[in-house]
Amino acid sequence: MPGKLQLKNYVQFIFFTSILLLKFILVRSLLFEDISIFYTVFLEIGYLIVFLGLIEFLPAKMKTPFYLLVNFTISLILLAVLIYHDYFGYIVTIHAFSQLGQVGTIKDSVMQLLNPIYFSLFADFIVLILLALLRKKELLYPRESKNNKLILSILTAGAALVAINVYTQKDAQIANTVLAAEKQGILTYEILAVKEKATAENKPALTAAQQEELPNEIKEIKQISTLPEDELKYTGIAKDKNIIVIQAEAFQVFPLNLKVDGVEITPFLNELIKDSLYFPNVYQQIGPGNTSDAEFIFNTSLYSAPWTATSETFGDRVIPSFTKLLKGEDYKSLTFHANDVSFWSRNNLYPALGFDQYYDISFFGNKDVIGIGPSDEVLYSKALPELMKLHNKDQKFYAQFVTLSSHHPFKIPAGKQPVRLPDRYKGTLVGDYLQAIHYTDKTLQEFVKNLKNEGMWEDTIFVLYGDHFGLQPSGLKEKDYALLKEITGHDYTFLDQFNIPLIISVPGQNAAEVIENPGSQIDMLPTLANLIGLSLENYVHFGQDIVNYPDNLFGMRYYMPYGSFFNNEIAFKPAEGFADGEAFTIQTGEPLGEFSQYQNDYDRIMKLLKLSDDYMNSLPKR
C-alpha cells in the first residue's frame with residue numbers, strides 16, 4: 001500500500017516521461033532506417049529525467065503547467081526536425097530556431113510538408129483534455145512530492161546518462177547530420193552542434209600577414225597555375241557593359257531544353273542559350289540561409305556560414321565583394337527583391353556587401369502576389385524604370401534581381417496562362433514545378449524584350465543562375481519520381497537536385513558555347529570577372545574562372561555532409577569521414593566501389609572550408 005501511494009505522487013513524472021519517449025521512438029522511426037527501442041531509450045531518457053525531474057521540486061499547483069510546457073516544447077522541436085528534414089534532407093540544429101519568425105512568410109511551403117502522422121506528436125494533448133473532462137485528479141492535479149531523495153536519485157541517474165552520452169560523443173566527427181543524430185541521439189546532437197558552433201566562432205582570427213597570403217594559399221591547395229593573359233578566352237568581352245544578374249528561385253537544370261509531349265517548358269531560355277555561354281554542370285553550395293546564401297556566395301566567392309544564415313552571422317562585418325570591386329570601375333550597384341528586406345536579414349547583408357541601394361516590398365507593393373511576394377512581372381516592370389534612369393545618365397550599373405514566383409510550393413495562378421501539360425502531371429509537385437519554371441521563363445522573355453525596346457540590351461551582360469534546388473527527394477511522392485525518371489531518363493538523384501543552370505549572355509560578342517566544365521556558385525564571380533575584365537589580384541576568393549580553368553575542386557556543406565566535394569570526375573559524400581563515404585560519377589551518377597584515390601581531394605576540401613571560415617571570422621565589424 002505505501003508503495004502504491006508513493007507511485008501516485010509521481011504519476012505525472014511517469015506519464016510525461018513515457019509519452020515523450022514514445023514520441024522520440026516515433027520520430028526516430030520516421031527519420032532513420034533501422035532503430036532500436038532500447039538504444040533510443042538509452043540516448044534520450046536521461047534528458048527527459050532531468051527536464052521533468054526538476055519539475056517535481058516545484059509546488060504541486062505549478063507542476064501541471066510546467067509539464068505541459070516541456071511536453072509541448074519538445075513536441076514542437078521534434079515536429080520542426082521532421083519538417084526540416086523533409087524539405088532539406090538535413091537534421092536542423094537549434095541555431096535554425098532563430099529563424100522561426102520567418103515561418104509565416106513561407107507558411108504555404110510548410111503546410112504542404114505536414115504529414116498527417118506528424119500530428120500524433122500532439123495526440124496526448126487530446127488525451128489530457130479528455131482526462132480533464134473525466135476529472136482524473138491524480139494526473140491533472142498532482143500531489144506534493146513526498147520523497148525528494150528519490151527524485152534526487154533519479155535526477156542524478158538522468159544527469160549521469162546525459163554526461164555519458166555527451167562525453168562519449170564530444171569528439172566524434174560525423175559529417176552526415178542524419179547519421180550523427182541517429183548515433184548520438186537527437187538531443188545530444190543539438191547540444192554538440194551548439195558546442196561546435198561556439199568553438200568555431202571563438203577560433204583566433206587570421207593575422208594580417210595570413211590574410212595577405214591567403215589568395216596564394218588557396219591557389220596552391222586548388223593546384224591552380226595562372227595562365228598568361230593572351231591564353232585566356234573571352235577576357236574583357238563585356239568590359240564597361242551594364243551587368244544584370246538574375247538569381248532565379250529554385251531553378252534546376254533539367255527543365256531547360258525540356259519538351260513534355262512536344263511542349264517546351266522554357267522556350268525563351270532555350271533560344272537565349274544558343275547565343276550565350278551555357279554551363280550545364282554547375283552546382284549549388286548554399287547553407288542554412290538558402291536564397292540569401294546564394295546571393296552571398298555569388299557576390300563574394302566565399303563559402304557560406306556552416307551553422308546559420310550567413311547574413312545573420314556576418315551581416316555586421318566588412319565583407320569584400322563583387323559590388324565593392326565594381327565601385328573601383330565606377331559602377332552603381334542595386335538589388336531588387338520583392339520580399340521584405342528583413343527576411344534573412346538582408347537589411348544587414350546588402351550594406352555589408354556594399355550595394356548602393358536595395359528595393360524590397362516597400363517599393364514593389366502588394367499587388368499581384370504569388371506565394372510569398374509580388375510576382376516576377378511586378379519585379380521586372382517596376383525595376384526597369386530605375387535601370388533606365390541610370391542608363392540615360394550613362395551611369396554603369398550592376399543590378400541583381402532575386403526572383404520569387406517559382407518558390408515552393410510552386411502555385412502559379414491559372415490566370416497566368418500556364419503551359420499545357422498532359423493529364424498525368426496534374427496534381428503533382430513536378431507538374432506544379434514545371435508550371436512555375438515556365439512562368440519564370442515567360443516573365444524573363446518580357447523583361448529582355450523591354451530591355452531591347454529601351455536600347456539597353458546591347459550595353460548589357462546578362463547572367464542567370466539558380467539559387468538552389470526546387471525538388472527535394474524526401475518531399476516527392478511515387479508519382480513525382482516516375483515523372484522525373486520519364487523527364488531525365490534516370491532515377492532522380494542528389495546530382496539532379498543540386499544541379500543549377502548558369503547562363504551568361506554578352507550581346508554582340510559571338511560568345512556562344514556550351515561549357516561542360518564542372519563548377520559551382522563560388523565560381524560565378526571569377527568567371528564573370530574574366531568576361532568584364534575585372535582584376536581579382538589580391539582578392540580572396542575560393543572559386544575559379546570555369547571557362548579557362550577546367551580542372552575544379554569545390555565543396556558542399558549543409559545539404560550534403562561536411563567535407564562533401566565535387567571534382568571533374570566524382571561527387572563525394574562522407575558518412576562519419578572519408579573511408580565510409582560514398583562516391584558517384586559526375587557523368588552518370590553511378591556509385592563507385594573504390595574511391596581511395598580521392599583521399600587527397602577530401603583533405604584539400606577540408607582545408608579550403610576551414611580557410612573560408614577562418615577568413616570570415618577575421619573580417620572586421622562595421
Side-chain angles (χ1 to χ4, degrees), residues 227-248 268-269 271-280 282 295 297-301 321-336 353-356 383-384 387-388 390-401 444 447-452 454-465 501-515 517 519 521-537 539 541 543-550:
L227 294 173
E229 191 170 326
D230 59 357
E231 293 183 21
L232 297 174
K233 292 177 63 177
Y234 303 125
T235 299
I237 63 170
K239 188 169 181 59
D240 292 328
K241 283 182 176 285
N242 296 321
I243 304 163
I244 294 179
V245 174
I246 310 293
Q247 180 175 292
F268 167 69
L269 288 176
E271 286 300 310
L272 185 69
I273 284 171
K274 295 175 183 178
D275 296 317
S276 305
L277 300 177
Y278 172 48
F279 305 81
V282 170
E295 294 175 75
I297 298 169
F298 178 89
N299 283 290
T300 62
S301 191
S321 67
F322 185 44
T323 51
K324 293 176 182 178
L325 290 170
L326 289 172
K327 285 188 194 301
E329 304 293 322
D330 298 321
Y331 278 80
K332 183 171 183 179
S333 55
L334 314 91
T335 181
F336 300 89
L353 293 176
F355 278 98
D356 294 309
L384 184 64
L387 302 186
M388 288 169 56
L390 298 174
H391 180 70
N392 292 337
K393 295 177 183 176
D394 291 324
Q395 169 63 60
K396 293 185 295 184
F397 62 80
Y398 160 42
Q400 171 186 271
F401 288 80
L444 280 168
F447 180 47
V448 171
K449 175 185 171 184
N450 289 332
L451 289 173
K452 291 177 178 179
E454 297 297 337
M456 299 172 65
W457 180 249
E458 292 297 322
D459 295 329
T460 296
I461 175 172
F462 185 84
V463 182
L464 178 138
Y465 69 95
L502 173 61
I503 303 168
I504 304 177
S505 184
V506 188
Q509 291 295 321
N510 296 317
E513 184 179 353
V514 176
I515 298 174
N517 302 335
Q521 286 168 328
I522 57 169
D523 298 315
M524 294 178 182
L525 190 162
T527 302
L528 189 55
N530 173 61
L531 298 174
I532 63 177
L534 183 66
S535 173
L536 296 182
E537 187 177 358
Y539 176 82
H541 60 287
Q544 63 195 57
D545 169 15
I546 52 176
V547 171
N548 292 291
Y549 296 91

> Can any side-chain N or O of Thr527 pair as donor or acceptor with the backbone N or O of Ile546 at less than 3.5 Å?
Replying inline: yes
> Does atom CD of Glu231 have more than 12 heavy-atom neighbours, drawn from other residues, nucleotides or ligands, at distances under 6.0 Å?
Replying inline: yes
> Between atom CZ of Phe447 and atom CD1 of Ile244, what is the distance when rounded to the nearest 0.5 Å?
Replying inline: 4.5 Å
> Would you say the side-chain atoms of Asn242 and Thr460 include a donor-acceptor pair closer than 3.5 Å?
Replying inline: no
> Considering residues at least two apart in sequence or located in another chain, which fulfil the salt bridge (Lys or Arg N to Asp or Glu O under 4.0 Å) criterion with Asp240?
Replying inline: Lys396
> Is any side-chain heavy atom of Leu277 less than 4.5 Å from a side-chain heavy atom of Leu531?
Replying inline: yes
>> If I take atom OG1 from residue Thr335 and atom CD from residue Glu295, how far apart are they, to the nearest 0.5 angstrom?
In response: 5.5 Å
> Which heavy-atom pair separates Leu325 from Ser535 by the least distance, and what is that distance?
Replying inline: CD2-O, 4.4 Å
> Who passes salt bridge (Lys or Arg N to Asp or Glu O under 4.0 Å) against Lys241, sequence neighbours left out?
Replying inline: none
> Looking at CG of Leu528 and CZ of Phe298, how far apart are the two atoms once the value is rounded to the nearest 0.5 Å?
Replying inline: 5.0 Å
>> Would you compute the distance between atom CG of Asp545 and atom OG1 of Thr235 and round it to the nearest 0.5 angstrom?
In response: 7.0 Å
> Do Tyr234 and Ile504 pass the side-chain contact (heavy atoms from CB on, under 4.5 Å) test, and can you show the C-alpha distance, the side-chain angles, and the key distance before you say yes or no?
Replying inline: CA-CA 12 Å; Tyr234 303 125; Ile504 304 177; over 6 Å; no
>> Closer than 3.5 angstrom, by distance alone: can the side chain of Tyr549 be matched with the main-chain N or O of Leu227 as a donor-acceptor pair?
In response: yes
> With sequence neighbours left out, what residues match Tyr465 under side chain to side chain donor-acceptor pair (under 3.5 Å)?
Replying inline: Gln247
> Closest heavy-atom contact between Gly533 and Lys239?
Replying inline: O-NZ, 4.1 Å
>> Go through it in stages, so that I can follow the logic: the residues are Ile237 and Asn510, the test is side-chain contact (heavy atoms from CB on, under 4.5 Å), and I'd like the CA-CA distance, side-chain angles, deciding distance and then a yes or no.
In response: CA-CA 10 Å; Ile237 63 170; Asn510 296 317; over 6 Å; no
>> If you apply the rule side-chain contact (heavy atoms from CB on, under 4.5 Å), what do you find for Leu326 with Ile243, and how did you get there?
In response: CA-CA 10 Å; Leu326 289 172; Ile243 304 163; 4.0 Å; yes
> If you measure from NE2 on His541 to OG1 on Thr300, what distance do you get to the nearest 0.5 Å?
Replying inline: 11.5 Å
>> Please give me the minimum heavy-atom distance between Leu536 and Pro526, naming the atom from each residue.
In response: CD1-CA, 3.7 Å
>> Run the side chain to side chain donor-acceptor pair (under 3.5 Å) test against Lys274 and tell me which residues pass, sequence neighbours left out.
In response: Glu271
>> I'd like to check the salt bridge (Lys or Arg N to Asp or Glu O under 4.0 Å) partners of Lys233; sequence neighbours left out, ordered by chain and number.
In response: Glu513
> Which class fits the ring pair Phe462 and Trp457: parallel under 30°, tilted 30 to 60°, perpendicular over 60°?
Replying inline: tilted
>> Using the salt bridge (Lys or Arg N to Asp or Glu O under 4.0 Å) criterion, which residues pair with Lys327? Sequence neighbours excluded.
In response: Asp356
>> How close do Gly543 and Asp523 get, counting heavy atoms only, and between which atoms?
In response: CA-OD1, 3.2 Å
>> Nearest 0.5 Å, please: how far is NE2 in His391 from CE in Met456?
In response: 5.5 Å
>> Could you report the tightest heavy-atom contact between Leu525 and Phe322, atom names first, then the distance?
In response: CD1-CB, 3.7 Å
> Is there a side-chain contact (heavy atoms from CB on, under 4.5 Å) between Val463 and Met524 once you walk through the steps?
Replying inline: CA-CA 10 Å; Val463 182; Met524 294 178 182; over 6 Å; no
>> Using side-chain heavy atoms (C-beta onward) and a distance below 4.5 Å, is Leu334 in contact with Leu390?
In response: yes
> Is there a donor-acceptor pair under 3.5 Å between the side chain of Gln395 and the backbone N or O of Asp330?
Replying inline: yes
>> On a heavy-atom basis, which atom in Asp275 and which in Ser505 lie closest, and how many Å separate them?
In response: O-OG, 4.0 Å
>> Looking at Ser301 and Ile522, would you say the former's side chain and the latter's main chain have a donor-acceptor pair under 3.5 Å?
In response: yes
